[in-house]
Colleague: 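To start, I am sharing the structure in question, which I have written as structure tokens.
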Amino acid sequence: MAFDGEKINKKNFRVKTKIVGDDLVPTESRLSLFDLDNPDIKLFNMIDDELIRLSGSELLLYKFFLDENYDNVYDENRKKVISPDPIILVAHYEPRAIEENLSEFGIELTNDQVFTFNKAYTEERLGRPLIPGDIIQPRFQEQKYEVFEVQEDRFDVYGVYHLVASAKLLRDGPDIQDIHQTPDKEDFFAE
Amino acid sequence: MALSSLSIESTQASALLSPRAAYTHIPHIRARDQIRREILELEMRNTQTTDFYREYTQFLIRKFATLKVVDNEDKVRNLKTFYANPERAIAKLKEDRNIVLPVGSVSFDRIEDDLVRRRVDTSFQNEVMWNKKTRRAVRIVSLPPKAVVLSYIFHLYTKYTEDMAQLVEQVELMFNPAMDVKTSHSNSIKAYLGDIVDAASLQIGDRDDRVVKRTIMINIETYVPTRKYMVTSTGEVEKVNQEIVLDDRPSEPRLN
């Protein structure tokens with residue numbers, strides 16, 4: 001079919017107002033918000049970090065060492081290497097009751113949890129980003145959670161401030177369930 | 001080992017009875033029944049795995065990874081193929097592998113008894129193999145492998161319909177009429193093509209784009225392998241130790 005510019009225009013534009021544009025780059029303006037070197041990013045990050053430290057709760061994070069020794073047929077790792085030495089972090093999370101649904105497997109404990117970390121602080125403490133496979137144990141609960149997804153969040157003035165980790169109850173075998181070691185603070189689990 | 005060529009014979013095994021078997025020996029019990037009884041006892045304690053699913057899954061992934069797509073400039077791209085239900089922590093390692101299409105993935109569907117090839121429960125399999133290490137023939141017995149039809153789904157996802165057409169054409173020719181599946185247990189298992197279904201919707205919303213997806217059913221007529229045991233020169237039935245290197249040219253298995 002021959003190209004019919006007139007018809008396409010009629011189809012795409014339902015109004016007759018003609019708007020004239022220009023090819024200037026607007027981000028060069030001093031008023032432009034898009035500035036990756038904006039010092040406000042550091043300020044926003046400091047405030048965010050402080051807020052999480054003041055109002056968040058302590059938790060232990062057991063690092064998962066990601067290596068190439070996984071099952072490359074099923075793409076799974078049945079022998080995860082988890083650090084026995086936990087790192088204390090501060091994060092926001094909302095403790096929720098563990099759901100006890102009765103199924104064909106008996107009482108099935110489910111308690112998916114979302115933890116919010118300050119990205120810069122967390123990566124500084126861990127020496128790397130938070131990754132799926134890391135294990136989190138909040139101080140408030142002795143329950144262990146396995147992180148299965150990590151997403152960046154909060155993009156004010158084009159900074160990245162939050163890491164949001166979605167986690168589920170840890171269901172691995174006893175060798176991973178019993179990784180309890182002495183945390184950095186001796187009284188971490190003291191009453 | 002050609003499992004598909006198993007023949008059912010009613011010859012009586014002439015194995016000697018082990019001291020353990022002799023202790024529990026029932027007068028007039030046939031040797032083959034005694035061997036079968038001992039195998040069943042050993043099976044209760046045996047935790048060795050046969051890698052049945054793993055080998056078929058791996059074979060299909062490797063086989064489908066040989067499929068190719070030729071673009072408009074005659075450039076050839078191999079199909080990236082992987083297992084369809086990975087653990088998230090591992091999938092994150094390779095999260096960019098499906099950005100560039102086409103990709104394919106293999107998933108389990110079902111496993112069913114094959115009634116036509118089903119064996120009676122009084123039989124056992126009897127083979128003679130050559131032990132390279134001791135340079136002696138050894139007698140290997142096992143329960144008969146179980147006849148099943150193992151079904152997989154092969155998922156294809158492409159950006160262009162032409163890519164999909166090329167891939168499906170190659171898949172059709174792979175199964176002409178069957179594809180030989182090679183595993184450590186057999187090299188003559190047949191896989192047959194089932195339905196090829198378009199998994200894309202033709203009703204696309206205002207702000208959505210089309211997806212080109214198809215699912216291909218694959219039915220493998222196979223046997224679930226059983227664990228092998230050795231009948232020693234004194235008539236004992238023992239687990240086959242890993243140190244024993246069995247010749248890769250085994251005798252024709254025989255059902256007793």
Side-chain angles (χ1 to χ4, degrees), chain A residues 11-14 61-83 110 112-115 119 122-123 126 128-136 144-153 163-173 175-177 179, chain B residues 47-66 78-99 103-109 111 150-155 157 181-185 191 206-207 209 218 220 222 225:
Chain A
K11 184 177 175 182
N12 286 342
F13 303 105
R14 305 276 165 91
L61 189 130
Y62 297 86
K63 284 169 79 172
F64 164 47
F65 293 106
L66 198 54
D67 56 27
E68 297 294 318
N69 296 323
Y70 58 84
D71 182 336
N72 58 14
V73 175
Y74 298 136
D75 282 347
E76 61 187 9
N77 191 345
R78 296 202 299 159
K79 199 176 177 184
K80 293 189 177 70
V81 181
I82 306 288
S83 167
T110 52
D112 288 2
Q113 196 64 260
V114 176
F115 298 89
K119 178 179 160 76
T122 305
E123 292 183 356
L126 295 183
R128 62 152 170 77
L130 199 63
I131 57 171
D134 284 339
I135 293 171
I136 291 174
K144 290 193 181 75
Y145 297 90
E146 181 184 5
V147 175
F148 62 86
E149 180 61 77
V150 181
Q151 287 177 320
E152 292 177 337
D153 193 27
L163 287 179
V164 178
S166 306
K168 60 186 177 183
L169 284 180
L170 180 66
R171 291 183 180 273
D172 260 305
D175 49 336
I176 292 184
Q177 292 282 358
I179 46 172
Chain B
T47 53
Q48 190 185 349
T49 60
T50 58
D51 283 339
F52 168 70
Y53 271 108
R54 170 178 300 279
E55 290 197 20
Y56 286 102
T57 311
Q58 192 165 37
F59 179 87
L60 290 179
I61 289 173
R62 286 181 179 169
K63 191 74 183 175
F64 291 134
T66 63
N78 274 65
L79 182 74
K80 282 184 213 157
T81 311
F82 38 84
Y83 179 61
N85 190 14
E87 186 182 13
R88 190 175 268 264
I90 303 303
K92 291 289 278 186
L93 268 180
K94 307 170 176 179
E95 61 185 348
D96 56 351
R97 70 180 166 188
N98 59 0
I99 289 177
V103 293
S105 66
V106 173
S107 66
F108 297 129
D109 183 40
I111 184 165
L150 177 61
S151 299
Y152 280 89
I153 301 177
F154 178 41
H155 309 260
Y157 183 14
V181 179
K182 294 180 176 60
T183 67
S184 64
H185 302 285
D206 184 30
R207 298 186 181 201
D209 195 7
I218 292 148
I220 305 174
T222 183

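We name chains A, B, ... by the order of the sequence lines, and we start the count at 1 in each one.
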Colleague: Can you give me the closest heavy-atom contact between B:Ala89 and A:Pro132, atom names plus distance?
Modeller: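 Minimum heavy-atom contact is CB-O, 3.7 Å.
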Colleague: Hey, is NZ on A:Lys168 packed in by over 12 heavy atoms from elsewhere, all under 6.0 Å?
Modeller: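 No, not enclosed.
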Colleague: Provide the closest heavy-atom pair for B:Leu93 versus A:Asp67 in the form atom of the first, atom of the second, distance.
Modeller: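 Closest heavy-atom pair between B:Leu93 and A:Asp67: CD1-O, 4.4 Å.
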Colleague: Please classify the contact of B:Phe59 with chain A as side chain, backbone, both or neither, using a heavy-atom distance under 4.5 Å.
Modeller: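 For B:Phe59, neither part sits under 4.5 Å from chain A.
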Colleague: Is the shortest heavy-atom distance from the side chain of A:Asp71 to the side chain of B:Arg54 under 4.5 Å?
Modeller: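 Yes - at least one pair of side-chain heavy atoms lies under 4.5 Å apart.
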Colleague: Would you say A:Tyr74's side chain and B:Glu87's backbone share a donor-acceptor pair under 3.5 angstrom?
Modeller: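 No, because the side chain of A:Tyr74 does not come within donor-acceptor range (under 3.5 Å) of the backbone of B:Glu87.
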Colleague: Tell me if the CZ atom of A:Arg171 is crowded by more than 12 foreign heavy atoms within 6.0 Å.
Modeller: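 Counting other residues, nucleotides and ligands, CZ of A:Arg171 exceeds 12 neighbours.
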Colleague: Given that the side chain runs from C-beta out, which part of B:Tyr53 has a heavy atom under 4.5 Å from chain A: side chain, backbone, both or neither?
Modeller: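 Looking at B:Tyr53, backbone and side chain both touch chain A.
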Colleague: Testing the basics here: between B:Ile90 and A:Asp75, what is the closest heavy-atom pair and its distance to 0.1 Å?
Modeller: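 Nearest heavy atoms, B:Ile90 then A:Asp75: CB-O, 3.5 Å.
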